[in-house]
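One structure is given below, encoded as structure tokens.
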Amino acid sequence: GLIAFEPETGFTANPQPVTYTMTEIATNMSDTAKVIITFNNQVAALEIEKTTSVSEYSVLGLIIEYNIDVRNTGEVKLTNVDVSDPLTGLSEKVTQILPGEKVTFTTKYVIKQSDIESGKLVNMAYATGTTPTGATLKDSSVVTIPAVQFARVDLEKTSDVTEIEYGMDDEIGYTIRVLNSGNLTLNNVLVKDPLTGFETTIQKLLPGESQTFTTSYQIKSSDIGNTQIVNVAEVSGFYSSGTATGLSKDTAVVEIIDCELFIPEIFSPNGDGIHDFFRVFCIEKYPNARIEIYNRWGNKVYEKDNYGNTS
């Protein structure tokens, strides 16, 4: 008859003979035979190695290429070898890999904003195969690439004029542009213009994204005697780790031109858009000025001490 022998783990009887005793149940007669069992101790091994030439990344959309080598480093044939890279979507099956043989795959991954925010890209590849005895072998390989992170916010401030003649209630318009010039998403970006009183918070500003604001400043009596109006705006924000970006500032300077006193001879406040307002240019330079206005018949209709275009 045929006898099957399955050695246990750590079997060491080879090449010593194994003694079998055969007994017939009906007669209880037995006989003994010595058999030499040749035990096949060949090793089965599977190895996967994943590599890339990219050592770091900082740019959204960067394409990273990976090489995946799957090797049969054992002494027996491996079949139904599955190779996968979940991050890149690679999924391949190899019918068989002979001892000493290597199979290579190439796969790619495109950097996302979340990869920059996380600070590193961790990529795993996996391989499984089957031995001649039906056992399953597994191996994995990981590649970790660090991200180069930099948080920066820039502010640009401009005025709608570069110079202005002094006059009470004259208005200077300003434009403030805030740009995320780094590669990290910024949160709670605070924009301030102390001179005009403008203040706002941008809840979220993506890399490369900008927002523009307008504000204005009205000439005041305190500006009398100044040669410039200097306006400084500032911006700051926070990135993913909760760390502040630092303060960014920009200055807009408007020159004040010394003006000459000019008193209009007539005005007609009838709402037709022509000479509706009476304004004495540069009256602010004369804080003790007295004004008297007469109608066409020579009658005084208005008078005021310390006149300053305000009433």
Side-chain angles (χ1 to χ4, degrees), residues 42-153 179-189 202-210 237-243 245:
Q42 289 180 304
V43 176
L46 175 66
E47 180 182 280
I48 184 172
E49 181 183 20
K50 183 173 190 176
T51 59
T52 181
S53 61
V54 178
S55 59
E56 60 184 28
Y57 63 93
S58 62
V59 181
L60 180 68
L62 177 69
I63 299 176
I64 298 179
E65 185 173 291
Y66 295 95
N67 289 323
I68 300 175
D69 293 333
V70 181
R71 295 181 177 88
N72 182 343
T73 55
E75 301 170 328
V76 296
K77 178 177 69 176
L78 300 178
T79 58
N80 298 322
V81 179
D82 291 315
V83 183
S84 64
D85 182 339
L87 185 67
T88 67
L90 175 76
S91 180
E92 298 286 348
K93 180 181 286 291
V94 182
T95 303
Q96 67 174 23
I97 304 179
L98 299 176
E101 188 177 13
K102 177 184 74 172
V103 180
T104 300
F105 302 95
T106 300
T107 186
K108 297 178 181 180
Y109 179 76
V110 180
I111 291 296
K112 300 179 176 64
Q113 182 60 37
S114 58
D115 301 318
I116 299 176
E117 303 285 350
S118 68
K120 62 182 178 180
L121 179 66
V122 180
N123 194 354
M124 295 283 297
Y126 304 89
T128 61
T130 304
T131 70
T133 62
T136 299
L137 300 181
K138 297 181 180 181
D139 194 26
S140 62
S141 179
V142 62
V143 173
T144 301
I145 307 174
V148 178
Q149 298 176 315
F150 58 95
R152 178 175 173 176
V153 60
L179 169 67
N180 182 346
S181 55
N183 67 353
L184 295 173
T185 300
L186 301 179
N187 302 297
N188 299 319
V189 180
I202 306 171
Q203 296 299 324
K204 186 176 183 179
L205 196 63
L206 299 175
E209 186 179 15
S210 67
F238 297 87
Y239 53 97
S240 52
S241 64
T243 306
T245 59

(request) Would you check if Val94 and Phe105 make a side-chain contact, meaning some heavy-atom pair closer than 4.5 Å? (result) yes
(message) Within the 4.5 Å heavy-atom criterion, are Asn188 and Gln203 side-chain neighbours or not?
(response) yes
(request) Measure across Ser118 and Tyr57 and return the closest heavy-atom pair with its distance rounded to 0.1 Å. (result) OG-OH, 4.4 Å
(message) Using a 3.5 Å distance criterion without hydrogens, assess whether the side chain of Asp139 forms a donor-acceptor pair with backbone atoms of Ala127.
(response) no
(request) Would you mind reporting whether Thr185 and Pro207 have side-chain heavy atoms less than 4.5 Å apart? (result) yes
(request) Taking salt bridge (charged side-chain N to carboxylate O under 4.0 Å, His left out) as the test, write out the residues that go with Glu49, two or more places apart. (result) Arg71
(request) Nearest 0.5 Å please: distance from the CD1 atom of Ile97 over to the CG atom of Leu46. (result) 6.5 Å
(message) So, taking the atom named OG1 in Thr88 and the one named CD1 in Ile64, what distance separates them when rounded to the nearest 0.5 Å?
(response) 11.5 Å
(request) Report the distance from atom CG of Asp69 to atom OG1 of Thr51, rounding to the nearest 0.5 Å. (result) 6.5 Å
(request) Using atom types as modelled and distance alone, determine if a side-chain donor or acceptor of Asp85 lies under 3.5 Å from a backbone N or O of Leu90. (result) no
(message) Could you check whether any side-chain N or O of Ser58 sits under 3.5 Å from a backbone N or O of Val148, counting only pairs where one atom can act as donor and the other as acceptor?
(response) no
(request) With rounding to the nearest 0.5 Å, note down the distance linking CG in Asn80 to NZ in Lys93. (result) 5.0 Å
(request) Taking all non-hydrogen atoms of both residues into account, name the closest pair between Ser55 and Pro146 and its distance. (result) O-CD, 3.3 Å
(request) Flag the pair Val70 / Ile68 as yes when at least one side-chain heavy-atom distance between them is below 4.5 Å, and no otherwise. (result) yes
(message) Taking the side chain as everything from C-beta on, heavy atoms only, tell me whether Ile111 gets closer than 4.5 Å to Val59.
(response) no
(message) Please find the pair of heavy atoms, one from Lys204 and one from Glu209, that lie closest to each other, and give the distance.
(response) O-OE1, 4.2 Å
(request) First locate atom CD of Glu117, then atom NZ of Lys112, and finally report the distance between them rounded to the nearest 0.5 Å. (result) 14.0 Å
(request) May I ask you to decide if Phe150's main-chain N or O and Asn183's side chain share a donor-acceptor pair within less than 3.5 Å? (result) yes
(request) Please tell me if the side chains of Arg152 and Ser181 come closer than 4.5 Å, counting only heavy atoms from C-beta onward. (result) yes
(request) Work out which heavy atom in Thr128 is nearest to a heavy atom in Lys138; give both atom names and the distance. (result) CG2-CG, 3.6 Å
(message) Just verifying a value: how many Å separate Asn187 CG and Tyr239 OH, rounded to the nearest 0.5 Å?
(response) 12.0 Å
(message) Looking at every heavy atom in both Ser141 and Ile48, which two are closest together, and how far apart are they?
(response) CB-O, 3.5 Å
(message) Using a 3.5 Å distance criterion without hydrogens, assess whether the side chain of Gln149 forms a donor-acceptor pair with backbone atoms of Leu184.
(response) no
(message) Please check this pair: side chain of Tyr66 against backbone of Ala125, looking for a donor-acceptor N/O pair closer than 3.5 Å.
(response) no
(request) Search all heavy atoms of Asn72 against all heavy atoms of Ala45 and return the closest pair with its distance. (result) OD1-O, 3.3 Å
(message) Would the distance check show the side chain of Ser84 and the main-chain N or O of Pro86 forming a donor-acceptor pair, the cut-off being under 3.5 Å?
(response) no
(request) Would you check if the side chain of Glu92 reaches a backbone N or O of Val83 as a donor-acceptor pair within less than 3.5 Å? (result) no
(request) Quickly, which of Leu121, Val54, Ile63 forms a side chain to side chain contact (heavy atoms under 4.5 Å, CB included) with Tyr109? Name it, please. (result) Leu121
(request) Answer yes or no: is there a side-chain heavy-atom contact under 4.5 Å between Thr131 and Leu78? (result) yes
